[in-house]
Each structure stands twice: as structure tokens, then as C-alpha cells.
**Q** 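Mind having a look at this structure? Questions to follow.
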Amino acid sequence: MQIVPISNLDVDGLSDYARLTDVALRRVQEPQGGLYIAESHKVIARAIAAGHQPRSLLLQEQWLPDVAPLLERFPDVPVYVGPSDLLEELTGYHMHRGALAAMHRPALPRMEDLLADATRVVILEDIVDHTNVGAIFRSVAGLGADAVLITPRCADPLYRRSVRVSMGTVLQVPWTRMPEWPEARRILDAAGFHVAALALDDRAVTLDRFAAHPPERIAVTLGTEGDGLSRQALEAADSTVVIPMLHGVDSLNVASASAVALWALREGTVAAG
């Protein structure tokens, strides 16, 4: 490893880790810099296993033995090592998860290529909460959907909190940004997908009925935490689906709803109608 001890914050390369608690700053800098931040040994390991390239690492000295095996193929990647208080001054928070890595972002696939062999995909329309995005990716990975499509205004799945909440599954699940609805719907049509919008609607069919005889290829569309799906998303849907609720509760958190829907629609099952 190329270990770089640091005793101050004037070292070249540390700017990638500055002010990680400032959400607005990271939204701007991470995509433009072609980087994202992986937090913890487990997430860094999953990123490297997925073929992502590290640009640098930041950690305290006691974590060097943990990260050393991960960097055997990257002998020229700098590993910045410093005391806890200095790293907290740099990042803005206590690094209790061991290590951070600035990772190069992989190129996103074309939507057409992502859909080619998929049968279950999830569409996230304008979901801005990074915790919800990460939790949905974890449901996608755990319940067997093939890919995630996100709209241009959706939160970044590779934002540090999304990656952490997902337990690193955003690094394993194929995903890409889709174009606006008219073009996205054309691509979904060409790939043979039935678009099912999860939304409160008087015309909606219940999830159990929809899952009893599901289409072969399904794209489940999930909307924003407050307003739900847009008019364009609802117009683009072939079906509107609702999760039946009790005790006057009309809906679930979007991440919880994604898990319920994906479980009901997992391949190889037929729900009771």
C-alpha cells in the first residue's frame, strides 16, 4: 500500500473527503468529480468486488490490516492515515466505521441494455430521501428484482448514506438513470414491460389480485415520499396497484411498500387472489 501519514489537512487528495455531512455539497461534487464515497470495510470490499476502482482511502492506523487485502491489486492507490480528531475535522463526523474510500464512478449502462434480460425492475420517480433509496435497493437485492431505474431528479444511489443503508447492495444491483417519461415508456414498451404504478387511486387493483396473475415482465413504479407519483407516471402506467391497508392507514413508507410489492411479485410464486 502507498501509505500517506497526515498531520494536517493541507495534503493533496484530501478534498474528496471534506464536509461529508453537507448533503447539498455532495450532490454537486460527487457526480461532477466522477466519484462516490464508500464507507466501512464491508462496503469498500463490495465496491471493489463489483469492479469499481478506488482513488484513495482515508482511515486511522488501526484499520490498516483490515484494508490491506482489499488493495493488493491497487498498489499505487494512496491510503491517507491520520488521528481520529484530524479525520473528524476533515469529514465533519466521527469515523466509527473504520475507513472511507473515494471510488471512481462506473459508467451507467443504457436503459435498453439493462432491460434486455430482466423480468422484474423497479422505477424510482423523484425519490429524494437517500435513506429510502438505499432501503429500496436492499429490498431489490434481497427479494430478487433484476434492476432499478431512477428518474433524472431522483436522489443519487451512490450518495454515502444510500450506500450505507443499502448495506452495499447499490454496488451489486444494476441501475441507471432513465430519460423523461415519454421516452422511458417507449423503451419499456419495446422491451415488453408492463408498467405497474404503486399509487392510491380509485381505479387501482389490489396487490394480491394483481400478483395472482402477473405479467411476465413487470416494472413497478414508486413515487416521492410526499406527493406520490406524477401525472406523467400514472399516464405511463398499464396498471395502478394498491397495497390493501387496515385501521385507517392509507399507505406505507415508500421503502416498506417496495418490499411488500416485490415479495408479492417475486418470480415463481402466485399470490392468493
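For clarity, every value in this text was computed on a predicted model and none was experimentally measured. When reading the values below, keep in mind they use all heavy atoms of this one structure, side chains included, and skip hydrogens, waters and symmetry mates.
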**Q** Any heavy-atom pair between the side chains of Arg46 and Gln172 that's under 4.5 Å?
**A**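 Yes. Closest side-chain heavy atoms under 4.5 Å.
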
**Q** Determine the minimum heavy-atom distance between Ala233 and Glu125, stating which atoms define it.
**A**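 Heavy-atom minimum between the residues: CB-OE2, 3.4 Å.
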
**Q** Is the gap between the ring centers of Tyr36 and His52 under 6.0 Å?
**A**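 Tyr36 vs His52: aromatic centres under 6.0 Å.
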
**Q** For Leu198 versus Leu229, what's the shortest heavy-atom pair and its separation?
**A**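 For Leu198 and Leu229, the tightest heavy-atom pair comes out as O-CD1, 3.7 Å.
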
**Q** Determine whether a donor-acceptor pair (N or O, by modelled atom type, separation under 3.5 Å) exists between the side chain of Thr91 and the backbone of Leu87.
**A**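 Yes: the side chain of Thr91 pairs with the backbone of Leu87.
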
**Q** Can you check whether Met167 reaches Val43 side chain to side chain, under 4.5 Å on heavy atoms?
**A**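 No - every pair of side-chain heavy atoms lies 4.5 Å or more apart.
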
**Q** Spell out, yes or no, whether Val165 and Ile37 are grouped together once hydrophobic residues are joined by side-chain heavy atoms under 4.5 Å, including indirect joins.
**A**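 Cluster IDs for Val165 and Ile37 differ.
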
**Q** Apply side chain to side chain contact (heavy atoms under 4.5 Å, CB included) to the pair Arg55 and Asp16, showing each step before the final yes or no.
**A** CA-CA 10 Å; Arg55 179 155 97 163; Asp16 292 342; 2.6 Å; yes

**Q** Taking the side chain as everything from C-beta on, heavy atoms only, tell me whether Thr206 gets closer than 4.5 Å to Arg209.
**A**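 They are in contact (side-chain heavy atoms under 4.5 Å apart), so the answer is yes.
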
**Q** For residues Leu114 and Leu171: do they belong to one hydrophobic cluster (side chain heavy atoms under 4.5 Å, members Ile, Leu, Val, Met, Phe, Trp, Tyr)?
**A**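 Result: no, two separate clusters.
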
**Q** According to a hydrophobic-cluster definition based on side-chain heavy atoms being under 4.5 Å apart (Ile, Leu, Val, Met, Phe, Trp, Tyr only), do Val220 and Met245 belong together?
**A**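 Val220 clusters together with Met245.
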
**Q** What's the spacing between Ile44 CD1 and Leu100 CG if we round to 0.5 Å?
**A**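 Here the interatomic distance stands at 7.0 Å.
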
**Q** Please give me the minimum heavy-atom distance between Thr169 and Ser166, naming the atom from each residue.
**A**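 Result for this residue pair: OG1-O, 2.8 Å.
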
**Q** Show me, pair by pair, the donor-acceptor contacts under 3.5 angstrom made by side chains of residues 69-83, not counting sequence neighbours?
**A**
residue	atom	partner	partner atom	Å
Tyr80	OH	Asp12	O	3.0

**Q** Say whether Leu234 and Ile127 are linked into one hydrophobic cluster, either directly or through other cluster members, by side-chain heavy-atom distances under 4.5 angstrom.
**A**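 Per the 4.5 Å side-chain linkage, Leu234 and Ile127 are not co-clustered.
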
**Q** Any non-hydrogen side-chain atom of Arg105 less than 4.5 Å from a side-chain atom of Leu35?
**A**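 In short, these two side chains do not touch, never coming nearer than 4.5 Å.
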
**Q** Tell me, do Asn8 and Val11 make a side-chain contact under 4.5 Å, heavy atoms counted?
**A**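 When only atoms from C-beta onward are counted, Val11 and Asn8 do touch, with a gap below 4.5 Å.
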
**Q** Please tabulate, one pair per line, all N/O donor-acceptor pairs under 3.5 Å involving side-chain atoms of residues 56-68, not counting sequence neighbours.
**A**
residue	atom	partner	partner atom	Å
Ser56	OG	Tyr17	OH	2.7
Gln60	OE1	Gln62	NE2	3.2

**Q** After noting the C-alpha distance and the side-chain angles of Met178 and Ile123, does the key distance pass the side chain to side chain contact (heavy atoms under 4.5 Å, CB included) rule?
**A** CA-CA 9 Å; Met178 57 185 258; Ile123 298 173; 3.6 Å; yes

**Q** With a 4.5 Å limit on heavy-atom distance, are the side chains of Leu108 and Trp175 in contact?
**A**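 Answer yes - side chains close enough.
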
**Q** On a heavy-atom basis, which atom in Ala47 and which in Met103 lie closest, and how many Å separate them?
**A**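 For Ala47 versus Met103, the nearest heavy atoms are CB-CE, 3.8 Å.
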
**Q** Would you say CG of Asp117 has more than 12 non-hydrogen atoms from neighbouring residues, nucleotides or ligands within 6.0 angstrom?
**A**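 No - once you tally the heavy atoms of other residues, nucleotides and ligands closer than 6.0 Å, there are 12 at most.
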
**Q** Hey, are the side chains of Thr224 and Val128 touching, using non-hydrogen atoms and a 4.5 Å cut-off?
**A**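 The answer is no, as the side chains (C-beta and beyond) never meet within the 4.5 Å cut-off.
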
**Q** Is there a chain of hydrophobic side chains (I, L, V, M, F, W, Y, each step under 4.5 Å between heavy atoms) that links Val173 to Leu222?
**A**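 Yes, one cluster joins them.
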
**Q** Would you check, one step at a time, whether the test side chain to side chain contact (heavy atoms under 4.5 Å, CB included) holds for His130 with Val163?
**A** CA-CA 9 Å; His130 293 96; Val163 176; over 6 Å; no

**Q** List the atom of Pro214, the atom of Leu265, and the distance in Å for their closest heavy-atom pair.
**A**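 Answer, listing the atom of Pro214 first, then Leu265: CB-CD2, 4.4 Å.
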
**Q** Can you tell me how far CZ of Arg186 sits from CH2 of Trp181, rounded to the nearest 0.5 angstrom?
**A**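 The CH2 atom of Trp181 sits 14.0 Å away from the CZ atom of Arg186.
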
**Q** side-chain contact (heavy atoms from CB on, under 4.5 Å) with Ala191: which residues, sequence neighbours excluded?
**A**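 Checked Ala191 against side-chain contact (heavy atoms from CB on, under 4.5 Å); matches are Leu115, Phe193, Arg217.
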
**Q** Show me the donor-acceptor pairs, under 3.5 Å and distance only, between side chains in residues 131-155 and residues at least two apart or in other chains.
**A**
residue	atom	partner	partner atom	Å
Thr131	OG1	Arg161	NE	2.6
Thr131	OG1	Arg161	NH2	3.4
Asn132	OD1	Asn253	ND2	3.2
Asn132	ND2	Glu225	OE2	3.3
Ser139	OG	Ala135	O	3.4
Asp146	OD2	Thr119	N	2.8
Asp146	OD2	Thr119	OG1	3.4
Asp146	OD2	Arg120	N	3.0
Thr151	OG1	Leu124	O	3.4
Thr151	OG1	Asp126	N	2.8
Thr151	OG1	Asp126	OD1	2.7
Arg153	NH1	Glu180	OE2	3.0
Arg153	NH2	Glu180	OE1	3.3

**Q** Applying side-chain hydrogen bond (donor to acceptor under 3.5 Å, both in side chains), name anything that partners Glu216, two or more places apart in sequence or on another chain.
**A**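 So Glu216 forms no side-chain hydrogen bond (donor to acceptor under 3.5 Å, both in side chains) with any residue.
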
**Q** Checking side chain to side chain contact (heavy atoms under 4.5 Å, CB included) for the pair Met95/Ser84: CA distance, chi angles, key distance, verdict?
**A** CA-CA 7 Å; Met95 286 176 52; Ser84 175; over 6 Å; no

**Q** How many angstroms lie between atom CG of Leu252 and atom OG of Ser258, to the nearest 0.5 angstrom?
**A**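 It comes to 10.0 Å.
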
**Q** Side-chain donor-acceptor pairs under 3.5 Å in residues 235-242, sequence neighbours left out?
**A**
residue	atom	partner	partner atom	Å
Glu235	OE1	Arg231	NH1	3.4
Glu235	OE2	Arg231	NH1	3.0
Asp238	OD1	Arg185	NH1	3.4
Asp238	OD1	Arg185	NH2	3.0
Asp238	OD2	Arg185	NH1	3.3
Asp238	OD2	Arg185	NH2	3.0
Asp238	OD2	Val195	N	2.8
Ser239	OG	His194	NE2	2.7

**Q** Looking only at heavy atoms, which two atoms of Met111 and Ala184 are closest? And how far apart?
**A**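 Nearest pair, atom of Met111 first, then Ala184: CE-O, 3.6 Å.
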
